[in-house]
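Quick note: residue numbers are just sequence positions, from 1. Remember, it's 1-based here, ligands and their atoms both numbered in the order they're listed.
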Amino acid sequence: MHPDMERIFKGNLEWVEKKREDDPEFFERSAKGQTPKYLFIGCSDSRVPASQISGTAPGEMFVHRNIANMVVHTDMNLLSVLQYAVEVLKVKHIMVVGHYGCGGVAAAMSDKQFGLIDNWLTNIKDVIRLHENEFNFITDEEQRFRRLVELNVIEQVINLSKTSIIQNALKDEDPPQLHGLVYDIREGILHNLNVKEHMLKRFEHIYGMQ
Ligand code: CO
């Protein structure tokens, strides 16, 4: 076996051993099922592991990751995860988690071609178009990059609120709350972007469904 893969199996056995030591019933309990409170929609970037950065244990967080933490209305994968999380698992909180230094966002800011992925990144270019006035005022390139990471998260939370799944869930007594977060890779801190309800309701006259 390749040493890189040997490392994975070795690491796994070490983890099992440690877990059994700390919590002898852990695996028995896990096998019975999951009742996660959270749905995490994050970037595929290897530096943003959902459970580790949030200090949550296995079983606590349902996770969907893709390049640049996008919520795209034709993405069957995302929609299936969302429906299952909301309607079956009944998660209480859904968070879109972006991160500064996101390669997907950086690629969308450039005018270079990267292949098939360009069609995915076009969704981020749409965010630039929606906020072009604000962008034109930010002269510092790094600041512009950071702001686009934040605006992209906010727009993806708005995209979540437009889905029929969330619109139906909002009719429930105790609907899941939507959140937008940014992870700062340099310091390890998760920042809340405080996406407010009025921001989600602003275009209800267009996207609202009864
Ligand atoms: Co990223």
Side-chain angles (χ1 to χ4, degrees), residues 4 8 11 36 38-56 58 60-82 84-85 91 93-132 134-135 138 140-163 166 176-195 199-200:
D4 291 348
I8 296 291
Y38 310 96
L39 167 60
F40 178 106
I41 300 170
C43 183
S44 297
D45 194 303
S46 61
R47 299 166 295 177
V48 194
S51 297
Q52 269 166 285
I53 64 168
S54 58
T56 48
E60 287 194 280
M61 194 173 256
F62 206 55
V63 176
H64 178 83
R65 288 167 73 180
N66 61 38
I67 289 176
N69 42 271
M70 303 301 288
V71 176
V72 177
H73 296 122
T74 50
D75 180 358
M76 287 300 288
N77 189 350
L78 178 276
L79 292 174
S80 304
V81 168
L82 182 64
Y84 190 73
V91 297
H93 301 273
I94 304 175
M95 56 190 101
V96 175
V97 183
H99 67 102
Y100 296 124
C102 182
V105 172
M109 277 179 86
S110 83
D111 58 2
K112 292 193 187 73
Q113 276 208 32
F114 298 92
L116 177 143
I117 195 177
D118 293 321
N119 301 288
W120 183 255
L121 299 178
T122 299
N123 294 296
I124 309 174
K125 289 182 189 279
D126 290 344
V127 176
I128 301 175
R129 177 166 60 86
L130 281 169
H131 298 273
E132 207 177 5
E134 183 179 340
F135 275 106
I138 309 173
D140 182 73
E141 193 69 16
E142 182 61 27
Q143 260 329 101
R144 206 191 268 210
F145 184 18
R146 287 173 76 88
R147 188 61 185 144
L148 182 55
V149 166
E150 294 167 1
L151 287 171
N152 185 46
V153 168
I154 293 168
E155 287 300 329
Q156 303 321 310
V157 178
I158 292 171
N159 281 346
L160 269 181
S161 74
K162 295 176 198 166
T163 62
I166 294 300
Q177 286 182 13
L178 307 184
H179 310 274
L181 280 63
V182 176
Y183 176 68
D184 194 324
I185 286 180
R186 274 192 207 161
E187 51 188 31
I189 303 290
L190 269 175
H191 298 277
N192 191 352
L193 292 175
N194 295 310
V195 181
M199 291 163 81
L200 303 176

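- Taking a cutoff of 4.0 Å between a charged side-chain nitrogen and a carboxylate oxygen, R146 and D184 qualify as a salt bridge.
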Apply the test side chain to side chain contact (heavy atoms under 4.5 Å, CB included) to residues L178 and V195: give CA-CA distance (whole Å), side-chain angles for both, the deciding distance (0.1 Å), then the verdict. CA-CA 8 Å; L178 307 184; V195 181; over 6 Å; no

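- The one candidate from L181, V153, L151 that meets the side-chain contact (heavy atoms from CB on, under 4.5 Å) condition with L193 is V153.
- At a cut-off of 2.8 Å, measuring from the Co ion (ligand 1), the protein N, O or S atoms that fall short of it are C43 SG, H99 NE2, C102 SG, waters left aside.
- Note on E132 versus R129: no salt bridge recorded, every NZ/NE/NH1/NH2 to OD/OE distance being 4.0 Å or above.
- From R47, atom CZ reaches atom CD1 of I53 across 12.0 Å, with rounding to the nearest 0.5 Å.
- If you check the side chains of N152 and E155, you find no donor sitting under 3.5 Å from an acceptor.
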